[in-house]
Amino acid sequence: MRFVHETLCQRVVFAPGSAAEAVHDEVGSSRVMLIGTRLDVPAVLRWDEVVMHVPVAVAERARAAAAARQVEVIVSVGGGSATGLAKAVALTTGLPVVAVPTTYAGSEATNVWGLTANGRKTTGTDPRVLPRTVVYDATLTATLPTELAVASGLNALAHCVDSLWAPRADPINAALAGEGIRALMAALPDDREQMFYGTYLAAVAFASAGSGLHHKICHVLGGMFGLPHAQTHAVVLPHVLALNAPGAGGRITLDELQDLRRRVDAPRALRDYGFEEDQIPAAVEAILPVVPDNNPVPVNAGNLKQLLHDAWEGTR
Ligand code: NAD
């Protein structure tokens with residue numbers, strides 16, 4: 001074995017039914033900026049303006065407000081969009097973040113930030129944006145509609161599966177991904193505490209292994225065509241697994257994934273989410289240059305076009 005594995009440093013608190021108390025333990029008497037959903041914690045600033053993919057203008061308003069109120073710690077409560085805004089503020093201010101996720105997007109366990117300007121999303125990594133603490137309280141997902149819970153859960157599963165062949169894939173993140181796959185497949189969609197357990201493993205595996213073919217495809221589809229994040233991941237995953245099956249190391253098969261997708265009535269086709277067939281060539285052109293060199297199967301314009309066509313159409 002020859003590899004280098006990096007483990008990111010953060011506290012993880014599982015506190016079913018008691019997120020507010022757990023957050024209070026983390027922040028003490030600091031001056032809190034609370035981003036997203038209300039939580040019963042004292043705050044000097046409450047910030048409700050949360051927009052998917054974090055527009056730069058929103059981030060700048062939030063940063064200015066944090067400076068004006070002399071904020072000392074940011075608490076984000078919500079999905080990947082709320083966590084993303086907290087990260088954007090942390091990126092320029094260095095303020096610590098306590099993340100309280102309410103979806104299975106997994107941003108809370110990565111050092112990846114994303115910002116959007118003029119319809120283009122830029123991402124990067126920076127240690128300042130990694131939340132200092134994550135608080136998981138499964139009761140906060142009670143309001144998550146089943147349809148979104150399914151799509152978001154499959155987004156978490158995609159973190160695991162893509163980690164198996166991503167650029168920095170190694171035996172440690174594969175072990176995390178394998179246990180994440182097991183937990184998520186058993187828990188989807190209703191065992192929300194186990195969902196968070198699988199979500200965290202998935203996100204840690206993804207943060208370590210980096211973006212594989214699946215994430216490269218979804219990043220282009222989300223950024224260029226404005227497709228919804230979780231649903232796009234949910235639709236594209238079986239098509240990438242079908243192509244990359246030799247790289248899955250037996251940790252998940254296409255049949256197992258398809259059985260799960262039938263059981264939970266998973267999102268099926270990109271055309272249901274606004275993707276048009278005539279956009280496929282532009283997507284192929286944008287994805288090809290960013291396909292990771294170590295992808296287990298050679299990717300070319302032909303098989304990529306077929307993959308996107310199948311995902312657009314919802315071919316089983
Ligand atoms: P989201 O945060 O936009 O949430 C989707 C919708 O669900 C929103 O309308 C939100 O208000 C609602 N919602 C969230 N939690 C809810 C709850 N418990 N009950 C009812 N409604 C709820 O979507 P997402 O899929 O969680 O996150 C997507 C964003 O996160 C994208 O911008 C994506 O790029 C980013 N992301 C970043 C990383 C990273 O590592 N940086 C990882 C994953 C996702």
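Every number for a ligand or one of its atoms is a count from 1 in the order of the listing. Values below: all heavy atoms of this structure, side chains included; hydrogens, waters and symmetry mates excluded.
Near ligand 1, M52, H53, G79, G80, S81, K87, T102, T103, A105, S107, T110, V112, K121, L140, T141, T143, L144, L148, H229 each place a heavy atom less than 4.0 angstrom from the ligand.
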Given T139 and D137, is the side chain to side chain donor-acceptor pair (under 3.5 Å) satisfied, shown in steps? CA-CA 5 Å; T139 64; D137 175 354; 2.6 Å; yes

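Side-chain atoms of V50 and S81, non-hydrogen and from C-beta on, do get closer than 4.5 Å to each other. In this structure, the side chains of M33 and V73 stay at 4.5 Å or more apart for every pair of heavy atoms.
Taking the six-membered ring for Trp and the full ring otherwise, the centers of F196 and Y104 sit less than 6.0 Å from each other.
Note: H229 and H233 have tilted aromatic rings, judged against thresholds of 30 and 60 degrees for the angle between ring planes. Under the 30°/60° scheme for interplanar angles, the aromatic rings of F206 and H215 are found to lie parallel.
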